[in-house]
There are 2 protein chains.
Amino acid sequence: MPEAIATISTAQENSDFSNRQQEVLSAVLDLMVREGGALTMERVAKTASCSKETLYKWFGDRQGLLTATVQWQASKVRIAPIDAQNLDEATLKNVLVRFACDWLTVLTSDVSIALNRMAISQAGSTKSDLGSIVLQNGPFAMGRRLLPVLEMGRGAGHLEFSDGQQAFSCFFGLVVRDIQIRVLLGEDVSLDEAQIILEAKQATKNFFAIYGKNQTRRK
Amino acid sequence: MPEAIATISTAQENSDFSNRQQEVLSAVLDLMVREGGALTMERVAKTASCSKETLYKWFGDRQGLLTATVQWQASKVRIAPIDAQNLDEATLKNVLVRFACDWLTVLTSDVSIALNRMAISQAGSTKSDLGSIVLQNGPFAMGRRLLPVLEMGRGAGHLEFSDGQQAFSCFFGLVVRDIQIRVLLGEDVSLDEAQIILEAKQATKNFFAIYGKNQTRRK
DNA sequence: GCCGAACCGTACCGTACGGTACTTTCGAGA
DNA sequence: TCTCGAAAGTACCGTACGGTACGGTTCGGC
């Protein structure tokens, strides 16, 4: 059964930040989750037990601190790679279900919600790339990962589509539905592990109803 | 061909706000679209040519002004009601396509983007109901409208599902996909009328592939 | 023409926050 | 033990913004 495999690496040396700096970034993340977007440099300094001056020295300004935090967090979330070579249909479905599980788990996590809120609230106004960073490590990363899988599935004769991007986008919609916008708008969508697995299976089944080549239909 | 029918009523007496007040709210909306979330009471007063004191007298405080704006805008967007009685399958599909068109049109509109950004950025922190207001007038309103249609379609033998809410949620995902999160994060997703219609038709077709009773499959 | 209400424009206040400067502390190396 | 640099702690500055106060103007009713 596909347990969530979105790995949070314990994260030391794979990053451009020193250990102390990562402590600071971790504090920022905590504050973002706990306090929402209203984090001040003073709160960060106090929480991380460092001086404001150090913050500015390391990260330039507030925007730089936020950007660094988002990038650092993004570098930590890695969807487990796919290595399925002998793609029978059951295996393909399993991979898709695992993908969906991972995605739903990440989407509904506190950190992801806080990060997305932060990026969205800045997307309209200031010149900053938080939005594109989140985008690159969110939907786009998922697409880059999933597309080869879908194409392998097509190659093995289990799927049928002309536009891979469109097929991916469809899968995305089937998995995410209105869940993300609802959590972002503050609704308490509590999904436990079991529910996530159910949703993921349903989404995969529906996906095969659309793009599957010779499926038995109807749930 | 389904033109967008999300009607923006010219909006006078159907509201709880006087004409002058609606001018102010309109100015707020303009500012939210142009400037992003960083709107100040002073900017609003200057833009609407009214005094700050009047703003506070009418709306209480900043939060009240934002809430009033969101509610006012929500009261303006009305998806055209469905009156299809003799639901043959073609009519049902047409209704769904129109729905999808309306929804995509609204989702990608400047005003909707600005409103959602505003609501999302406040959802995590302050005690305020912007999020739930947007939610009520967004996905939930769409669901309330669409659910009877789906059930009529089921009654007429064109659709097959047990959980109507789930079927709606699926349709939502097929229509919206990753479009909303991308526009909210600042990507420039430009959809012209023709593309929207294509997307809507595709979504409807896919929906029937999942929930249709006796459909001819594959695009 | 007078009065009061509504409202505009503007000046003002308090505070919160981003950013900077200065002092103190701590720890490593000579 | 002395020195030096890095970083903590703190005080400070400028400004932006929410919210209030007040004088001036318009306008409808008498």
Side-chain angles (χ1 to χ4, degrees), chain A residues 15-70 72 114 117-119 121-122 124-130, chain B residues 12 15-32 34-70 72 114 117-119 121-122 124-130:
Chain A
S15 163
D16 298 337
F17 302 107
S18 73
N19 280 8
R20 182 71 183 109
Q21 287 173 330
Q22 294 188 39
E23 286 179 35
V24 171
L25 296 179
S26 172
V28 174
L29 224 44
D30 279 355
L31 276 180
M32 270 170 48
V33 170
R34 290 212 313 270
E35 316 269 326
L39 52 76
T40 71
M41 300 299 276
E42 195 168 351
R43 297 289 303 256
V44 172
K46 183 146 293 189
T47 305
S49 293
C50 75
S51 71
K52 282 169 67 176
E53 188 164 18
T54 304
L55 292 183
Y56 285 102
K57 185 173 177 181
W58 284 348
F59 303 104
D61 56 7
R62 191 186 127 99
Q63 195 56 233
L65 177 62
L66 295 182
T67 303
T69 305
V70 172
W72 179 64
R117 283 199 184 131
M118 174 74 62
S121 63
Q122 300 203 346
S125 46
T126 333
K127 169 73 191 72
S128 90
D129 277 348
L130 287 195
Chain B
Q12 275 88 355
S15 162
D16 298 338
F17 303 107
S18 73
N19 281 8
R20 183 72 182 105
Q21 286 173 332
Q22 293 188 40
E23 285 180 35
V24 171
L25 296 179
S26 172
V28 174
L29 225 43
D30 279 357
L31 276 179
M32 271 169 50
R34 291 212 312 269
E35 315 269 325
L39 54 77
T40 71
M41 299 301 274
E42 195 167 349
R43 297 290 302 258
V44 172
K46 183 145 295 189
T47 305
S49 293
C50 73
S51 71
K52 282 170 68 177
E53 189 166 18
T54 303
L55 292 183
Y56 285 103
K57 186 174 177 183
W58 284 347
F59 304 105
D61 56 7
R62 189 188 129 100
Q63 194 58 231
L65 177 62
L66 295 182
T67 304
T69 304
V70 171
W72 179 65
R117 283 200 183 129
M118 174 74 62
S121 63
Q122 300 204 345
S125 46
T126 333
K127 168 74 192 68
S128 89
D129 277 347
L130 286 195

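Each chain gets a letter, A, B and so on, in the order the sequences are listed, and its residues count up from 1.
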Listed nucleotide nearest any side-chain atom of Arg20(A), set dA8(D), dG18(C), dG18(D): dA8(D)
Interatomic distance where CE belongs to Met41(A) and C1' belongs to dA21(C) [whole Å]: 16 Å
Walk me through whether Arg20(A) and Thr54(A) qualify under side-chain contact (heavy atoms from CB on, under 4.5 Å). CA-CA 11 Å; Arg20(A) 182 71 183 109; Thr54(A) 304; over 6 Å; no
Could you check which of dC7(C), dC17(C), dG9(C) has an atom nearest any side-chain atom of Ser49(B)? dG9(C)
d(CG, Leu55(A); P, dT20(C)) in whole Å: 12 Å
CD of Glu53(A) versus P of dG5(D): gap in Å, rounded? 16 Å
Donor-acceptor pair under 3.5 Å: do we get one between Lys52(B)'s side chain and the base of dG9(C)? no
At under 4.0 Å between heavy atoms, what does Leu65(A) touch on the DNA or RNA strands: base, sugar-phosphate, or nothing? nothing
Atom pair distance, as rounded to whole Å: CZ in Phe59(A) and C1' in dA7(D): 13 Å
From CG of Leu31(A) across to C1' of dC17(C) the rounded distance in Å is 15 Å
Heavy-atom side-chain proximity of Val28(B) to Trp72(B) below 4.5 angstrom: no
Looking at the side chain of Arg62(B), which of dG18(D), dC7(C), dA7(D) is the nearest nucleotide? dG18(D)
Which of dG18(D), dC8(C), dA8(D) is nearest the side chain of Thr54(B)? It is dC8(C)
Answer yes or no: does a side-chain N or O of Arg43(A) lie under 4.0 Å from OP1 or OP2 of dG18(C)? no
If you compare every side-chain N and O of Trp58(B) against the phosphate oxygens of dC7(C) (OP1, OP2), does one of them come in below 4.0 Å? yes
Is it the case that more than 12 heavy atoms not belonging to Glu42(A) sit under 6.0 Å from its CD atom? no
Show your reasoning for whether side-chain contact (heavy atoms from CB on, under 4.5 Å) applies to Leu66(B) and Leu130(B). CA-CA 8 Å; Leu66(B) 295 182; Leu130(B) 286 195; 4.2 Å; yes
Take Val24(A) and Gln21(A) through the side-chain contact (heavy atoms from CB on, under 4.5 Å) test and state the conclusion after the steps. CA-CA 5 Å; Val24(A) 171; Gln21(A) 287 173 330; 5.5 Å; no
Tell me which nucleotide among dG19(C), dC8(C), dA21(C) gets nearest to the side chain of Asp61(A). dG19(C)
Contacts of Ser51(B) and Tyr56(B) projected onto DNA chain D by closest heavy atom; the upstream (5') one is Tyr56(B)
Note: for Glu42(A) and Ala45(B) on DNA chain C, the residue whose nearest nucleotide lies more 5' is Ala45(B)
